[in-house]
Amino acid sequence: MKQEKIRILFVCLGNICRSPSAEAIMKKIVADAGLSDRIEIDSAGTMGYHEGELPDSRMRQHGARRDYTLDSRSRPVRMSDFYDFDYIIGMDDQNVTDLKRKAPDQESVEKIHRMTNFSPEPLHDHIPDPYYGGASGFELVLDILEDACRGLLNQLRSEYSL
Ligand code: 4NP
């Protein structure tokens, strides 16, 4: 029997730094676990200002050093996302608030989570926006995301018996 894919959408403000990194990291972790045919991963932004752009060049460089390919194109969250995805995961509290405001119904609201809630050892309560900072901010984004993505996969494994 062909099983439905589990669909995950990562969301930040611009969809050029944090959520494309979450997408790339989760895709690699899922591929390494041999689960790419079961889990689909995408990302989007709560604003459309950078629509069509590749991820920020600084974020791409920091990601590449850890073997992550950030090649998605920025797009804003759309209404159909709330029906199409099973998990809609914001990088910080503002993302979560904005998503809940856009959500069309209660079922959609229940799909919305904060990324750090999946971290096995939550040393941070959000993924800090690296856009206006230096190199250490981009490294911190990757560190927290790697941890949270592993936690997310563990949760999916137990919830869906993967
Ligand atoms: P992101 O970072 O939300 O992680 O993609 C940002 C990207 C762009 C802007 C802010 C944050 N901006 O103000 O244009």
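When reading the values below, keep in mind they use all heavy atoms of this one structure, side chains included, and skip hydrogens, waters and symmetry mates. Remember, it's 1-based here, ligands and their atoms both numbered in the order they're listed.
- Not a single salt bridge (charged side-chain N to carboxylate O under 4.0 Å, His left out) links Asp71 to another residue, sequence neighbours left out.
- When all heavy atoms of Ile39 and Leu153 are compared, the closest pair comes out as CD1-CD1, 4.0 Å.
- Arg18 is listed as a side-chain neighbour of Asp92, based on a closest heavy-atom distance under 4.5 Å.
- Evaluated for a side chain to side chain donor-acceptor pair (under 3.5 Å) with Arg114, the options Asp125, Asn95, Asp93 yield exactly one hit, Asp93.
- For His126, there are no side-chain hydrogen bond (donor to acceptor under 3.5 Å, both in side chains) partners, not counting sequence neighbours.
- Cluster partners of Leu123: none. The rule joins Ile, Leu, Val, Met, Phe, Trp and Tyr whenever side-chain heavy atoms lie under 4.5 Å apart, and it links nothing here.
- Sorted by chain then number, the residues whose non-hydrogen atoms approach ligand 1 to under 4.0 Å are Cys12, Leu13, Gly14, Asn15, Ile16, Cys17, Arg18, Met47, His50, Asp129, Tyr131, Tyr132.
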